[in-house]
Participant: 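This is the structure I want to talk about, given as structure tokens.
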Amino acid sequence: MGEAPAFIVDDLLGDYPNGLGLKSKGHQTAVDAGHKTYVIGDTDGESALIGVKVLEKSTGEWIIPAVLGTKPQSSKRLSALILNGDRILILKGGSAHDDCFWFLEVDTPFVREQRNKLGTEVVAWSRGVVGDTKMPIVISGPSGVGKGTLIAKLMKEFPSTFGFSVSHTTRAPREKEQNGVHYHFSERSVMEKEISSGKFLEFASVHGNLYGTSVEAVEVVADAGKRCILDIDVQGARSVRASSLEAIFIFICPPSFEELEKRLRARGTETEEQMQKRLRNARAELEQGKAPGLFDHILVNDDLETCYKSLKKLLGLDQVVHSILESAPLLVNLPQDHSVSKIGQKIVIGSKEASENRFVLDLTSLKGGAPGRTRGLQMYSSDSWSNGLNGHI
Ligand SMILES: Nc1ncnc2c1ncn2[C@@H]1O[C@H](COP(=O)(O)OP(=O)(O)OP(=O)(O)O)[C@@H](O)[C@H]1O
Ligand SMILES: Nc1nc2c(ncn2[C@@H]2O[C@H](COP(=O)(O)O)[C@@H](O)[C@H]2O)c(=O)[nH]1
């Protein structure tokens, strides 16, 4: 719990009631959700990032919540509205199309889970991505099976489609491994501290070292408009499966245990002792990989090209791609001074300067959310909507 600040919410806000259950005053906005009021914006007058304070209305107490996810940069004109009682849509006036829609999750399953875990008030940011970016892909399997090789082929053939989630690890870098590219190489004490502060989507002790996927690692890929690939062990896959991140889970098997050992030896990156440890763990992982409900697909990596072809097939990469024009989403920057009104799952956004410029933000097909990005937002001009092209009110 924070100290009561030297202001009350009505002093901060109140000039711009807009009929949406929110009040905003330029750099700040306030939204009611149940018995709490969320004050969002320039809350300390100093930070370049959007801050959040929570007023518990029944007690009049102010709470400074733990804020998860990448925080948005502040904006001079913020609008906000509550959706389904569990998340707040924030519109950042004067921002580019890839930075103007954000969701502050206040009571989603992820936030509730983190609230229980951290024992404190929690909110989580998730940037809204316009268009149909597909859900992340988790690739798992024993050490040496060829996960990295398959992922490298995919990234090489489809560089603008896929992005790699760069994990953190306490293991020492191998020759040719670059910090920030293959892994974020970390000190154990630092990584443990970051784990307890909620920075990681999942983490596990693997072959004697800590490995983990930060929320940011997944968000960076979504922000680049790419589909995220995670190369993680079976424990990590289980944690992601239990988390709120929707993903497709693929397990890679070797054709035989002998072949797995041969590949690991031929790679020549491990000492004999480490290799024995990895091979011991591989037996357990191969058993766990078959656990019902954990993996959506199992691929045997015998002949590399055949396995790669199967991987592409299950990711739908062998299908005819729609024309770019057909699938390209409408991307517009948000005017600084804008009006917002909500009709069902559709948000009508108008420009105060050019009244003919009105757009509809359609939230009907939202996917994902914190941790990670909120995908599936659709934008179209209000003309195409009123002409009946995009469904009825
Ligand atoms: N189908 C295959 N046939 C023969 N060799 C392969 C095949 N796939 C990968 N390899 C080789 O096996 C070795 C291990 O592959 P890779 O490093 O991709 O495994 P990995 O699953 O990512 O391992 P780790 O989990 O330890 O990172 C590499 O030397 C790679 O070139
Ligand atoms: N649970 C997680 N496992 C991870 C992560 N990053 C990598 N891994 C797995 O660790 C082993 C060993 O990798 P190596 O690079 O040391 O050979 C392998 O199975 C990876 O899939 C992670 O973030 N979380």
Side-chain angles (χ1 to χ4, degrees), residues 136-156 164-179 181-186 191 194-195 199-218 220-221 228-243 245 247 249-271 274-286 288-289 294-295 299-311 371:
I137 304 157
V138 170
I139 297 192
S140 202
S143 178
V145 75
K147 302 179 295 295
T149 307
L150 288 163
I151 293 169
K153 280 175 82 64
L154 213 49
M155 306 261 298
K156 190 169 176 208
F164 186 60
S165 156
V166 180
S167 295
H168 282 62
T169 182
T170 59
R171 118 160 132 62
R174 292 178 187 140
E175 215 188 312
K176 296 199 185 137
E177 277 184 335
Q178 285 171 266
N179 192 25
V181 176
H182 299 93
Y183 280 106
H184 297 288
F185 295 100
S186 304
M191 199 165 156
E194 290 174 338
I195 288 170
K199 176 172 171 153
F200 287 88
L201 170 65
E202 65 76 31
F203 63 92
S205 174
V206 189
H207 318 313
N209 282 298
L210 269 184
Y211 291 76
T213 309
S214 70
V215 172
E216 196 180 344
V218 177
V220 162
V221 177
C228 187
I229 304 181
L230 288 79
D231 173 347
I232 59 177
D233 84 321
V234 176
Q235 305 170 75
R238 201 176 288 118
S239 302
V240 176
R241 185 58 109 176
S243 81
L245 186 82
F249 292 77
I250 302 170
F251 188 74
I252 313 286
C253 274
S256 67
F257 200 80
E258 291 67 37
E259 174 64 18
L260 182 72
E261 179 166 357
K262 205 169 117 195
R263 285 182 197 174
L264 210 45
R265 284 192 186 281
R267 191 172 72 182
T269 49
E270 263 58 48
T271 62
Q274 283 163 351
M275 197 146 48
Q276 290 304 332
K277 191 181 264 181
R278 283 176 183 243
L279 289 171
R280 266 199 309 279
N281 292 340
R283 289 198 188 276
E285 287 191 280
L286 287 169
Q288 291 159 14
L294 180 51
F295 290 97
L299 292 179
V300 179
N301 182 18
D302 189 349
D303 172 66
L304 182 60
E305 288 311 317
T306 310
C307 183
Y308 181 55
K309 233 184 216 168
S310 308
L311 177 62

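Every number for a ligand or one of its atoms is a count from 1 in the order of the listing. As the structure is a prediction and not an experimental result, all values here were calculated from the model.
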Participant: Below 4.0 angstrom from a heavy atom of Arg278, which ligand 1 atoms are there? Numbered from 1 as shown, please.
Facilitator: 26 (O)

Participant: Can you name the atoms of ligand 2, numbered from 1 with element, that are less than 4.0 Å from a heavy atom of Gly236?
Facilitator: 1 (N)

Participant: Closest non-hydrogen protein atom to atom 25 (O) of ligand 1, residue and atom name please, with distance?
Facilitator: Lys147 NZ, 2.7 Å

Participant: Could you measure the distance from the OG1 atom of Thr306 to the CG atom of Leu299? Nearest 0.5 Å is fine.
Facilitator: 11.5 Å

Participant: Distance under 4.0 Å to a non-hydrogen atom of Lys147: what atoms of ligand 2 satisfy this?
Facilitator: 19 (O), 21 (O)

Participant: Out of Gly268, Gly148, Pro142, Ser140, whose heavy atom sits nearest atom 22 (O) of ligand 1?
Facilitator: Gly148

Participant: Atom CD1 in Ile229, atom OG in Ser165: separation rounded to 0.5 Å?
Facilitator: 10.0 Å

Participant: Among all protein non-hydrogen atoms, which one is nearest to atom 9 (C) of ligand 1, and what is the separation to 0.1 Å?
Facilitator: Thr149 OG1, 3.6 Å

Participant: Under 3.5 Å between some N or O of ligand 2 and some N or O of Glu177?
Facilitator: no

Participant: Below 3.5 Å, N or O to N or O, backbone or side chain included: is there any such pair between Gly212 and ligand 2?
Facilitator: yes

Participant: CD/Glu194 to NZ/Lys199 distance, rounded to the nearest 0.5 angstrom?
Facilitator: 3.5 Å

Participant: Let me confirm one number: the CD-NE2 distance from Gln276 to His207, rounded to the nearest 0.5 Å.
Facilitator: 13.0 Å

Participant: Nearest 0.5 angstrom please: Lys176 NZ to Thr269 OG1, how far?
Facilitator: 12.0 Å

Participant: Between Glu270 and Arg174, does a salt bridge (Lys or Arg N to Asp or Glu O under 4.0 Å) hold up when you go through it step by step?
Facilitator: CA-CA 9 Å; Glu270 263 58 48; Arg174 292 178 187 140; 3.1 Å; yes

Participant: Would His207 count as being in polar contact with ligand 2, using the rule that some N or O on each side must be under 3.5 angstrom apart?
Facilitator: no

Participant: Number the atoms of ligand 2 from 1 as they appear, then name those within less than 4.0 Å of a heavy atom of Ala204, with their elements.
Facilitator: 1 (N)

Participant: Only one of His182, His184, Glu216 forms a side-chain contact (heavy atoms from CB on, under 4.5 Å) with Val166, so which one is it?
Facilitator: His184

Participant: Between ligand 1 and Gly144, can you find any atom pair, the residue atom being a heavy atom, that is separated by under 4.0 Å?
Facilitator: yes

Participant: So how far is it from Arg265 CZ to Leu279 CG, rounded to the nearest 0.5 Å?
Facilitator: 7.0 Å

Participant: What I'd like to find out is whether the side chain of Leu294 reaches to under 4.5 Å of the side chain of Arg241, using heavy atoms alone.
Facilitator: yes

Participant: Just to confirm my output: which protein heavy-atom neighbour is closest to atom 23 (O) of ligand 2, and how far is it?
Facilitator: Ser167 OG, 2.6 Å

Participant: Answer yes or no: does an N/O atom from Asn301 fall short of 3.5 Å to an N/O atom of ligand 1?
Facilitator: yes

Participant: Just heavy atoms, cut-off under 4.0 Å: does Arg171 contact ligand 2 by side chain, backbone, both, or neither?
Facilitator: side chain

Participant: Under 4.0 Å from a heavy atom of Asp302: which atoms of ligand 1 are those, numbered in the order shown and with their elements?
Facilitator: 1 (N), 2 (C), 3 (N)

Participant: Return yes when atom CZ of Arg283 has more than 12 non-hydrogen atoms of other residues, nucleotides or ligands closer than 6.0 Å, and no otherwise.
Facilitator: no

Participant: Go through the steps to decide whether Leu304 and Lys153 satisfy the test side-chain contact (heavy atoms from CB on, under 4.5 Å), and finish with yes or no.
Facilitator: CA-CA 10 Å; Leu304 182 60; Lys153 280 175 82 64; 4.2 Å; yes

Participant: At less than 4.0 angstrom from any non-hydrogen atom of Val206, what atoms of ligand 2 do you find?
Facilitator: 10 (O), 11 (C)

Participant: For atom 20 (C) of ligand 2, what is the closest protein heavy atom, and at what distance to 0.1 Å?
Facilitator: Asp231 OD1, 3.5 Å

Participant: Report the part of Tyr183 (side chain from C-beta onward, or backbone N, CA, C, O) that has a heavy atom under 4.0 Å from ligand 2; answer both or neither where that applies.
Facilitator: side chain

Participant: Mind checking whether Arg174 contacts ligand 2 via backbone (N, CA, C, O), side chain (CB onward), both or neither, at a 4.0 Å heavy-atom cut-off?
Facilitator: side chain

Participant: Classify the angle between the aromatic ring planes of Phe251 and Phe295 as parallel (below 30°), tilted (30 to 60°) or perpendicular (above 60°).
Facilitator: tilted

Participant: Taking only non-hydrogen atoms of Ala152, do any sit less than 4.0 angstrom from ligand 1?
Facilitator: no

Participant: Which option, Val138, Ile232, Thr169, owns the non-hydrogen atom nearest atom 4 (C) of ligand 2?
Facilitator: Ile232

Participant: Report the part of Asp233 in contact with ligand 2, treating N, CA, C, O as backbone and CB onward as side chain, heavy atoms under 4.0 Å; options are side chain, backbone, both, neither.
Facilitator: both

Participant: Just to confirm my output: which protein heavy-atom neighbour is closest to atom 26 (O) of ligand 1, and how far is it?
Facilitator: Ser143 OG, 2.6 Å

Participant: Geometry only, no angles: is Glu202 polar-contacting ligand 2 at N/O separations under 3.5 Å?
Facilitator: yes

Participant: Could you tell me if the side chain of Ser239 sits less than 4.5 Å from the side chain of Thr213, heavy atoms only?
Facilitator: no

Participant: Which protein heavy atom lies closest to atom 4 (C) of ligand 1, and at what distance to 0.1 Å?
Facilitator: Arg263 NE, 3.5 Å

Participant: Should Glu259 be counted as touching ligand 1, given the test is an N or O pair under 3.5 Å?
Facilitator: no

Participant: When you look for heavy atoms under 4.0 Å from ligand 2, do you find them on the side chain of Arg278, its backbone, both, or neither?
Facilitator: side chain

Participant: Return the closest protein heavy atom for atom 27 (O) of ligand 1 as residue, atom name and distance.
Facilitator: Arg267 NH1, 3.6 Å

Participant: Considering only the protein, which heavy-atom contact is closest to atom 19 (O) of ligand 1, and what is its distance?
Facilitator: Gly146 N, 3.1 Å

Participant: Please confirm whether the backbone N or O of Gly141 pairs with a side-chain atom of Lys147, one donor and one acceptor, at under 3.5 Å?
Facilitator: yes

